[in-house]
Amino acid sequence: MRNSGPLLLLGLLLALAALAVFALSRGSDFDRSPLGNKGLETWLQAKGIPVVRSDPHVARARSEISLRIIPLSIRQAEVVAPQANEEADNAGPESPIRESNRYALPTLIILPKWRGSVSTDGIASTSGLIDLADIGGELDKLGYSDFGFARSSTDFEEAQPQLKPGQPINIALYQAQTFERSSLPSGWEELAGTPSGALLLRGEDDPNVYLLSDPDLLNNHGLALADNASFAVSLVTLLRGAGEKRPVYLDTAGLPLDSKKPADEGRTYERSASDFKRFFAYPLSVIWGVLFVVAAICFWRGAYRFGPALPEASANTEMSKTAAIEATARLLRLSGNDGRMTGQFVLHLLADKAQLVFGPGAGNEVGIERLFQRLARRDQAAAKALHSSAQALIDRGHRMTRADLHRNLEIFRKSLEQDDFRPGRPKI
């Protein structure tokens with residue numbers, strides 16, 4: 001059980017780190033879901049078409065982009081189009097319709113089709129489709145009205161629209177969502193469609209505005225069906241121009257454009273506490289999660305890997321005492337004082353014998369006295385000779401001549417060898 005505790009703690013920390021990573025990267029979940037547009041960005045870049053995404057902290061200029069793509073959805077329509085007007089010319093200053101006319105910027109508006117719940121369960125069904133009346137309400141907010149919509153009666157509908165003469169592309173759509181041709185307002189031209197209705201429209205009054213009825217032609221799951229991916233590349237190439245080098249602007253924030261790039265970009269907005277969240281957005285959230293796990297493992301190894309501290313003197317303590325004795329002996333030899341070194345050697349030797357007999361903690365003056373009493377009970381003469389030689393070396397060793405020092409040290413050695421200090425003998 002002692003070893004399972006740290007493992008359980010480490011598992012809990014790993015689970016918390018994984019939960020934090022997924023929670024901090026939730027902002028990109030929709031974009032990477034079947035309804036998101038991350039696949040479109042990756043696919044266009046693979047085909048040599050650069051793509052930039054909207055960023056609330058970066059101002060985009062008309063001169064920097066060749067095509068603006070705006071995917072509408074019920075959850076973000078108020079951000080993209082804050083006012084409801086009947087005519088595009090009367091739209092507010094942030095209206096993408098007005099900006100497309102002002103800057104002569106090709107703008108593709110993708111109408112909504114799905115509810116947000118599909119982004120979590122990943123299952124397409126008719127229950128996830130929004131009402132057709134809601135789609136008309138979104139166009140009303142942009143200044144367009146009187147559009148009729150229809151969905152195919154079959155689960156999947158295939159068609160071969162021609163964006164260029166003689167180049168049909170086979171597409172497939174689940175519950176294909178189209179404009180009803182019979183209800184198209186005057187001044188709108190169909191560029192691509194299916195047998196059941198129109199898919200792509202362009203207005204005569206707003207020649208730079210294009211309406212795409214079904215987002216499944218460009219979203220993540222739709223690009224994997226039939227030749228929808230080829231249709232997406234052909235559509236983007238047609239709208240931006242074949243020789244265009246500027247990137248496509250995938251606008252999911254609906255922020256207004258600038259006529260030119262600001263000279264002080266990066267200082268045109270006020271910093272707030274919300275900017276701190278960018279340090280925990282994906283992929284930085286993964287880096288923070290890895291650092292957290294590494295720190296947890298290091299803490300576990302430092303706190304529990306080698307067990308609790310030993311309460312008593314360990315072998316390391318004895319080794320440090322031995323090293324200190326050796327260092328002192330060397331200093332004494334260098335100073336020429338062999339008598340003082342011999343006295344300390346005898347004292348430490350008796351202390352070690354006392355600990356051997358009586359256990360740890362007995363290596364002091366009291367323990368040495370008990371050692372002599374124990375020896376006296378067995379052999380009083382030997383104990384007296386040992387005590388006398390040891391006391392002489394300890395007290396007067398530094399004043400003895402070299403001959404007296406060697407003589408007393410030899411008496412002490414022989415007396416010590418005659419006595420048995422095995423711990424199994426009776427103790428006092």
Side-chain angles (χ1 to χ4, degrees), residues 1-7 9 297-428:
M1 293 301 294
R2 178 180 180 273
N3 294 329
S4 63
L7 294 178
L9 178 60
I297 294 176
C298 292
F299 174 80
W300 169 71
R301 287 187 63 87
Y304 296 100
R305 176 66 176 83
F306 301 105
L310 296 178
E312 299 179 354
S314 62
N316 293 333
T317 305
E318 297 299 327
M319 291 176 61
S320 62
K321 289 173 58 178
T322 304
I325 294 172
E326 293 177 353
T328 304
R330 177 173 175 78
L331 291 175
L332 291 172
R333 283 196 301 271
L334 292 176
S335 64
N337 196 340
D338 293 342
R340 189 180 301 276
M341 180 187 67
T342 303
Q344 291 185 0
F345 169 75
V346 171
L347 181 61
H348 285 295
L349 187 58
L350 291 175
D352 290 340
K353 296 298 183 180
Q355 291 188 87
L356 179 64
V357 176
F358 302 114
N364 50 27
E365 185 177 353
V366 176
I368 295 175
E369 186 63 27
R370 289 182 61 194
L371 180 66
F372 285 126
Q373 293 176 2
R374 180 177 184 273
L375 294 177
R377 292 211 313 265
R378 294 160 46 191
D379 189 342
Q380 188 173 5
K384 183 177 180 180
L386 179 63
H387 183 274
S388 176
S389 59
Q391 196 68 35
L393 290 171
I394 294 174
D395 296 339
R396 303 186 305 278
H398 60 286
R399 296 195 300 268
M400 290 182 182
T401 62
R402 185 173 296 275
D404 292 339
L405 190 63
H406 287 180
R407 181 175 56 79
N408 284 278
L409 188 59
E410 184 66 17
I411 295 173
F412 174 79
R413 184 183 65 80
K414 290 182 178 180
S415 301
L416 200 61
E417 289 177 352
Q418 293 177 0
D419 295 304
D420 188 2
F421 292 100
R422 288 178 296 179
R425 301 296 294 271
K427 299 181 181 180
I428 297 175

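We number each residue from 1, following the sequence as shown.
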Q: Between CG of Leu350 and CG of Asn364, what distance do you get to the nearest 0.5 Å?
A: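 Answer for the CG-CG pair, Leu350 versus Asn364, is 12.5 Å.
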Q: Could you measure the distance from the CD atom of Gln373 to the CZ atom of Arg377? Nearest 0.5 Å is fine.
A: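 Atom-to-atom, Gln373:CD and Arg377:CZ are 8.0 Å apart.
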Q: Rounded to the nearest 0.5 Å, what's the gap from CG on Leu371 to CD on Gln355? Could you check?
A: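 Reported to 0.5 Å precision, the distance equals 11.5 Å.
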Q: Applying ring pair (Phe, Tyr, Trp, His ring centres under 6.0 Å) as the test, list every pair that has at least one member in residues 359-386; sequence neighbours left out.
A: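 Found Phe372-His387.
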Q: Working to the nearest 0.5 angstrom, can you tell me the gap between Ile394 CD1 and Leu347 CG?
A: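 The distance works out to 5.0 Å.
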Q: Check for a donor-acceptor pair, side chain of Ser388 on one end and backbone N or O of Lys384 on the other, with a separation under 3.5 Å.
A: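 Checked: no pair found.
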Q: State which residues pass side-chain hydrogen bond (donor to acceptor under 3.5 Å, both in side chains) with Glu365; sequence neighbours excluded, sorted by chain then number.
A: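 None.
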